[in-house]
Amino acid sequence: MKWNIASLEELEEVIWKCTACGNCKTTYDFGPPPTYGEICPAGVEYGFDGNMASKGKIAFARGILDGELEWTPEFVDAIYKCTVCGGCQNQCELDHKPFIPEIIESMRRKAVEDGVGPMPTQKVIAQSMRSFNNPYQGPRRVRTDWARPFKKAKNPIKNIMKQDAPILYYVGCTGAFNLPVRNLPVATASIFQKLGLDFGILGENEICCGSTAMRLGDVDEFKRVAETNMKTFKDLKENHGVKTIITSCAGCYRAIKKDYSLSDEYEELLDGIKIIHTTDFLFDYFKQGKLKFTKELPWKVTYHDPCHTGRHLIDFDIDEDGSQQWKGSYLGKNEDNCLYDIPREILKSIPGIEFKEMNRIRSNSYCCGGGGGVMTGYGDWAAKNAGLRIQEGMDTGAEHMVSICPFCHYNLNEGSKRIKSPMKLYDLVELIDMAL
């Protein structure tokens with residue numbers, strides 16, 4: 001299968017479009033009223049420009065390309081001290097803006113290709129992917145443990161390989177294997193059953209989407225699982241009646257929608273299949289009046305925008321042929337695919353909910369600190385950064401924080417524990433399930 005995943009060398013032209021102006025270091029919202037704040041988790045933690053936003057990382061890329069920087073342990077470490085959250089990208093207004101996360105990941109691909117990446121603590125992910133088809137070193141049989149309560153209640157979830165259904169619920173590895181996050185697939189399946197949906201899961205046949213491998217630069221491992229998944233999805237459509245694939249995982253959603261589209265066979269293999277995040281899917285039911293909340297939740301809550309359902313889904317308009325400005329110039333962005341308004345609208349409609357907004361939101365949201373392999377490679381920093389976000393949530397007067405990403409769910413709760421906060425992070429599906 002042919003993939004259009006750019007190498008560092010292929011990105012050289014856009015790499016040199018950075019002027020090192022430093023706008024990427026801080027988040028701005030011109031208001032009114034105008035606000036600003038820190039945006040780069042690595043910059044907040046380490047300070048040094050090489051760790052801060054795209055300005056420093058672009059200098060690293062140039063150093064690799066011109067041969068001035070060698071793969072010392074310290075340099076490799078600096079390459080991986082980044083959550084690839086895209087916060088810096090949202091601030092940049094130069095022509096290389098649309099490519100910043102890709103440039104950072106291309107350096108990691110180069111590091112893996114040269115045999116020096118990822119970091120030692122992250123290599124277990126690659127080993128686990130090869131051995132177990134998931135990054136959690138979890139045996140295949142454990143993948144369905146979360147579904148046991150449904151079987152015990154004599155309302156088992158379909159195995160879609162044995163019983164056809166129009167909807168595949170793609171659970172994702174974090175919800176299946178990370179114990180503190182198993183509430184997410186349980187709540188999701190509970191909601192689907194309450195709505196009377198005909199859905200199924202792949203069960204032990206589900207494998208990782210490949211997002212973590214892609215973020216770490218292990219492109220070969222990403223391709224392996226992505227190609228397997230796309231062929232599986234095509235088979236499910238042709239032989240098992242699947243028309244819609246739903247996931248509650250922001251990373252899975254971003255990978256299947258965006259990373260898989262880098263394959264030349266994406267359109268052919270996924271033709272006729274709708275890929276949708278659970279929040280977006282349930283919003284359609286909400287608009288039709290089919291999602292009716294009957295129970296009150298007297299909570300004060302704030303909302304955290306995940307990077308993978310927000311900034312990472314922005315579509316950038318580029319003047320490809322020079323007909324509007326100059327060839328390759330950045331013209332603007334479209335946030336229609338970003339899940340910003342939908343979760344907020346659902347939240348505010350739940351009886352009893354009092355909604356409080358944080359200062360850094362939507363495209364300027366502050367990353368939880370768990371992405372880009374940081375949660376595995378730099379666990380203490382990930383939790384420390386999450387504590388900063390939890391504190392920002394507490395400053396609103398909210399009691400709890402809500403999001404739509406299992407990585408954010410786990411890491412922000414770890415951050416809350418670290419600063420001994422009473423605030424807990426809930427996924428939106430947990431609140432919806434409580435209110436139905």
Side-chain angles (χ1 to χ4, degrees), residues 18 20-30 34-61 78-94 96-108 211 215 250-251 254 258 302-316 330 333-335 337-340 357-375 378 381-382 384-393 401 403-405 407-408 411-412 415:
C18 173
C21 67
N23 277 359
C24 51
K25 293 182 181 182
T26 308
T27 170
Y28 294 94
D29 187 333
F30 294 98
T35 58
Y36 69 95
E38 294 168 318
I39 192 64
C40 175
V44 171
E45 177 66 12
Y46 302 107
F48 171 57
D49 260 14
N51 293 114
M52 186 179 289
S54 56
K55 175 185 175 182
K57 294 293 190 288
I58 297 304
F60 286 167
I79 293 295
Y80 281 95
K81 279 178 176 170
C82 174
T83 62
V84 200
C85 70
C88 55
Q89 180 183 38
N90 197 54
Q91 316 313 314
C92 177
E93 293 301 327
L94 299 171
H96 83 135
K97 175 187 180 86
F99 308 95
I100 293 170
E102 190 69 15
I103 292 168
I104 295 169
E105 290 183 5
S106 71
M107 284 191 284
R108 295 179 175 188
S211 175
R215 308 288 80 82
R254 187 246 197 245
K258 191 170 182 179
T302 190
Y303 181 75
H304 167 74
D305 293 284
C307 307
H308 283 171
T309 54
R311 291 184 290 253
H312 280 232
L313 299 180
I314 292 174
D315 289 323
F316 296 99
Y330 162 64
K333 64 181 182 180
N334 185 320
E335 296 182 344
N337 291 325
C338 302
L339 298 180
Y340 292 143
E357 199 76 91
M358 288 186 279
N359 288 327
R360 293 177 289 186
I361 61 170
R362 300 174 68 91
S363 293
N364 281 336
S365 174
Y366 190 59
C367 176
C368 79
V374 168
M375 204 159 70
Y378 309 91
W381 167 35
K384 182 179 178 183
N385 190 84
L388 299 176
R389 187 60 164 167
I390 288 291
Q391 185 60 57
E392 186 173 358
M401 190 177 287
S403 193
I404 55 172
C405 170
F407 252 58
C408 295
N411 197 49
L412 286 166

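The only option from Q91, E335, R311 that meets the side-chain hydrogen bond (donor to acceptor under 3.5 Å, both in side chains) definition with S363 turns out to be E335. Here the rule is side chain to side chain contact (heavy atoms under 4.5 Å, CB included) with C367, and of T83, I39, V84, L388 only T83 fits it.
Applying the salt bridge (Lys or Arg N to Asp or Glu O under 4.0 Å) test to pairs two or more places apart or on separate chains, those with a residue in residues 358-372 are D341-R362, R360-E392.
Nearest heavy atom pair, residue T302 against residue G393, reads CG2-CA, 4.0 Å. When every heavy atom of L339 is checked against every heavy atom of D305, the shortest pair comes out as O-OD1, 4.2 Å. F407 and C368 make their closest contact through O-SG, 4.5 Å (heavy atoms, listed as atom of the first residue, atom of the second, distance). The shortest non-hydrogen separation linking V374 to A382 is CG1-CB, 4.0 Å. Between C21 and L94, the shortest heavy-atom distance links the atoms SG-CD1, 4.5 Å. Listed here is the closest heavy atom pair of R108 and G372: NH1-O, 2.9 Å.
How far CD1 of I103 is from CD1 of I58: 4.0 Å, rounded to the nearest 0.5 Å. Taking NZ of K57 as the reference point, atom SG of C24 lies at 10.5 Å (rounded to 0.5 Å). Taken to the nearest 0.5 Å, the CG atom of N364 stands 12.5 Å off from the CE atom of M358. We find the CZ-CD distance between F99 and Q89 to be 10.0 Å, quoted to the nearest 0.5 Å. Atom-to-atom distance recorded for Y340:OH and I361:CD1 is 10.0 Å, nearest 0.5 angstrom. Taking CH2 of W381 as the reference point, atom OH of Y46 lies at 5.0 Å (rounded to 0.5 Å).
A cation-pi arrangement, defined by a distance under 6.0 Å to the six-membered ring centre and an angle within 45 degrees of its axis, is absent between K97 and F316.
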- Would you please test R389 and S365 for side chain to side chain donor-acceptor pair (under 3.5 Å) and show each step? CA-CA 10 Å; R389 187 60 164 167; S365 174; 3.0 Å; yes
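For the residue pair N359 and Y366, no side-chain donor N or O sits within less than 3.5 Å of a side-chain acceptor on the partner.
Using a 4.5 Å cut-off on side-chain heavy atoms (C-beta onward), N385 and N411 make no contact. Between I104 and F60, the closest side-chain pair of non-hydrogen atoms is not below 4.5 Å. Put simply, the side chain of P306 reaches to within 4.5 Å of the side chain of S403, judged on heavy atoms.
Under a cut-off of 6.0 angstrom, the local environment of NZ in K333 is crowded, with over 12 non-hydrogen atoms contributed by other residues, nucleotides or ligands.
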